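Take a look at the structure below.
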Amino acid sequence: MMSEGTLLSVDNVSIYFKRQGGDLRVVNTISFDVQKGEIVGVVGESGCGKSVTAAAVMGIFPQNAYYEGAIYFEGQRLSALTAEQRRALRGNKMSMIFQEPMTSLNPVLTVGYQIAEVLMVHRGMSKSDAMARATELLADVKIPSPALRIRDYPHQMSGGMRQRVMIAMAIACNPALVLADEPTTALDVTIQAQVLKLLRGIQEKFNMSVVLITHDLGLVSENAGRVAIMYAGRIMESADTATLFKHPVHPYTIGLLNSIPKGRHIPLVPIPGFVPRPDRLPVGCKFSDRCGFVEPRCKEAEPELVEIEKGHFNRCILNATASPGTI
Amino acid sequence: MSLMEVRALKKYFQMRSGFLSKPHEVRAVDGVDFTIEQNKVFAIVGESGSGKSTVARLLLRLIEPQDGDVLFKGTDVLTLKGDGLKAYRRSVQIIFQDPFASLNPRIKVYGALSEPLKIHRTVPKSQFRERVRTMLELVGLDADVMERYPHEFSGGQRQRICIARALMLGPELVVADEPLSSLDVSIQAQILNLLIRIKEDIGLSFLFISHDLSVVQYFSDTIAVMYLGRIVETGETEELFSNPMHPYTQMLIESVPKIIGTKSNRRPNQPEDPAPEPPSPIEIPVGCPFHPRCPKRFAPCAATPPQLQRRHGRLISCHLNTSD
């Protein structure tokens, strides 16, 4: 199943949280691949399982979580690696950019040291070499006067600057894969545009693969080549970006697109109800209790994710007959 | 008569960066003028640090300004005391951003919604329950939620409760400070439609504060764009979006990621932002506050601050637009 250009393959992964009275499944048998040099968008609302999926790939699960299924990175099955081997991958060949740069940077270390540490650990560089490289990396992420800013502590920087530092750390070892979990959600819109432009430039220059996790459909539309829409721990629809936004077929995707104001005279059609808790999902299709196209059979069995056209997957019984409508 | 008129409103905060450092002044709101008309939605957009939330708190007298005037239906709001202030607060209510932080976790929904009635004694106690029920139904909640605690509700439901609370006293103006930004996309649309319905049903006016331009474009009649404590452009919503004139307004609208559905929608000619350092209200640049980031800056911008002037049927503060 893995082709030559596949970097990451998530194969039937389910993620569970241990708890008394039965473990809670928050992600249910999801599969997706990331090719070398592409940006894959993962879109979903809070609680859909998108961040915990990234944590599974990175191997940074909380103590009470575990997964079933297989994750392959550069053809290696990650669960077969020792803790030592995983540490050698993390921060080196795969790295992560988190949403909140204030809480993900150490407040008592200079930003320069925090970038240099990655290089000292993974590349065995001396501290002075690593600091020199850190200065170059700050310049790469377009921080003005990098030789001075390298001595700054995180609190001396603005949110946009801190997110640039996070990006510098993430790309320090020239990783093959960057997992960006809501990388610009905490930033203002003009700063978001700058940070994304920067990330895109770096991604193209080094032919990195990026998994862009976000709730913002516009962000994905402008940046990703392929998109997966997640809901209640499942992938509901996935396709290349142009297809997904031009011909969405899953009622949830259509509902999300109709929830975004597009102009003064285009009425907003919200999705009714609210995102169910993972322990209170409806029987059958997990979206059936909010879906405008629901039929009795939707409540009987959960539909499979089916390839309706080449590369376009949909988890809805309606796709077999007719498209439920376009936006 | 306009519902609310704000003239030359100013709020400066004193701030210390360290224990021994000398205090400096943060000009959060630095001379803001605008007018809110009856039964209209007036929106203030801007990024963090622009002073938009400070304006909201000033209008409600949650904080006091340094200078300026606020007139509500011709009455000077800033000198109100006692019963006059209480009456004003019945007319102007607020909805906050975070519905998790703005409901007391130990008070049931009935308690939260009946408290304004208790304080203002607008109806006899025997009618409290009926009023609470009416408001809950108006915001799309069942009456049986009254006996439940806030933690039992989702974010969207809590924001509905907060909206109901703001409406309990029959206000004329509701100040909504980022009421959607902590909600999921599918829930935002629900709440936005609810606000529109309420506005039409009871003829409310809104001061709507947001950083989300697509929401503002959908909901508001008039927009003021704020940057570092000042209004840089204000005009009718549709005109402002179809023809933004101030370079900052243009940058804001440009920066919003758009769903177009093709790969070619990557805007290759997006102007390079000359200064990646975002603005800080602590060190407001001399001259035009936006000039260090402005792609169209020229000689006068670093020297003289432009004044808000009427150009092309709207108010704009930019040296570029003063020639005609």
Side-chain angles (χ1 to χ4, degrees), chain A residues 43-47 141-144 158-161 164 187-198 200 215-223 225 240-248 252 255-264 266-275 277 290 327, chain B residues 17 45-50 140 153-157 182-194 196 211-221 237-238 241 248 251-267 270-273 275-280 293:
Chain A
V43 179
E45 299 182 285
S46 45
V141 295
K142 311 248 164 61
I143 289 184
S158 65
M161 287 290 144
R164 286 164 195 268
L187 306 178
D188 279 321
V189 61
T190 60
I191 310 299
Q192 163 171 291
Q194 289 175 9
V195 168
L196 270 164
K197 194 176 172 190
L198 171 75
R200 281 287 297 279
H215 66 281
D216 187 333
L217 289 158
L219 211 61
V220 161
S221 169
E222 287 196 345
N223 293 287
D240 67 87
T241 308
T243 307
L244 191 109
F245 287 105
K246 270 189 188 157
H247 308 290
Y252 178 60
L256 275 183
L257 288 165
N258 286 339
S259 298
I260 300 167
K262 275 172 286 291
R264 209 166 164 69
I266 304 162
L268 271 186
V269 189
I271 303 173
F274 49 91
V275 182
R277 284 169 40 172
R290 303 178 72 192
I327 49 162
Chain B
S17 54
V45 297
E47 300 182 283
S48 38
S50 64
F153 298 96
S154 66
Q157 289 171 314
S182 64
L183 306 175
D184 272 321
V185 181
S186 70
I187 308 301
Q188 284 190 7
Q190 290 178 7
I191 300 296
L192 195 51
N193 276 357
L194 173 68
I196 291 168
H211 70 282
D212 188 332
L213 286 130
S214 53
V215 167
V216 163
Q217 184 182 14
Y218 188 69
F219 186 43
S220 70
D221 299 296
T237 301
E238 273 182 85
F241 270 91
Y248 178 61
M251 182 188 273
L252 264 186
I253 293 174
E254 267 283 290
S255 300
V256 179
K258 288 162 194 75
I259 296 168
I260 305 170
T262 56
K263 278 189 181 177
S264 60
N265 63 10
R266 295 167 187 167
R267 293 152 288 162
Q270 197 181 6
E272 191 74 45
D273 199 344
E277 195 78 56
S280 155
R293 297 178 70 197

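In what follows, every chain begins at residue 1, and chains take the letters A, B, ... in the order their sequences are listed. Keep in mind the model is a prediction, meaning the values are calculated, not measured. Side chains included, hydrogens not; waters and symmetry mates left out as well; all remaining heavy atoms used.
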- [ ] Evaluate the side chain to side chain contact (heavy atoms under 4.5 Å, CB included) criterion for residues B:D221 and A:R264: first the C-alpha distance (whole Å), next the side-chain angles of each, then the deciding distance (0.1 Å), finally the verdict.
- [x] CA-CA 10 Å; B:D221 299 296; A:R264 209 166 164 69; 3.1 Å; yes
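With chain A as the partner, the residue from B:V185, B:T237, B:L192 showing the most heavy-atom pairs under 4.5 Å is B:V185. By number of non-hydrogen pairs under 4.5 angstrom with chain A, the leading residue of B:G140, B:S48, B:G156 is B:S48. The residue among A:G263, A:G47, A:G255 with the most heavy atom pairs within less than 4.5 Å of chain B is A:G263. If you tally non-hydrogen atom pairs under 4.5 Å between each of B:D212, B:V215, B:D184 and chain A, the highest count goes to B:D184. Each of B:A189, B:G49, B:S220 has some count of heavy-atom pairs under 4.5 Å with chain A, and the biggest count is that of B:A189. Per-residue counts of heavy-atom pairs under 4.5 Å with chain B were compared for A:I260, A:L219, A:V269; the largest is that of A:L219.
Proximity to chain B (any heavy atom under 4.5 Å) is restricted, for A:R290, to the side chain, taken from C-beta onward. Looking at B:F219, only its backbone comes within 4.5 Å of chain A, counting heavy atoms on both sides. Both the backbone and the side chain of A:E45 come within less than 4.5 Å of a heavy atom in chain B. With a 4.5 Å cut-off on non-hydrogen atoms, A:L244 does not touch chain B at all.
Legend: residues meeting side chain to side chain contact (heavy atoms under 4.5 Å, CB included) with A:F274, ordered by chain and number and at least two apart, are B:S154, B:Q157, B:I187. Qualifying ring-ring contact (aromatic ring centres under 6.0 Å, His included) partners for B:Y218, counting only residues two or more places apart in sequence or in other chains: none.
B:S214 and A:P261 get closest at one heavy-atom pair: O-CB, 3.3 Å.
Checking side-chain atoms of B:Q217 against main-chain N and O of A:K262 turns up no donor-acceptor pair under 3.5 Å.
For the atom pair B:S255 OG and A:K197 NZ, the distance stands at 10.5 Å (nearest 0.5 Å). The line from OG1 of A:T241 to CD1 of B:I259 is 11.5 Å long, rounded to the nearest 0.5 Å. With rounding to the nearest 0.5 angstrom, the CG atom of A:L268 is 12.0 Å from the CD1 atom of B:I191. With values rounded to the nearest 0.5 angstrom, A:Q192 atom CD is found 10.0 Å from B:E47 atom CD. A distance of 11.5 Å separates OG1 in A:T190 from NE2 in B:H211, rounded to the nearest 0.5 Å.
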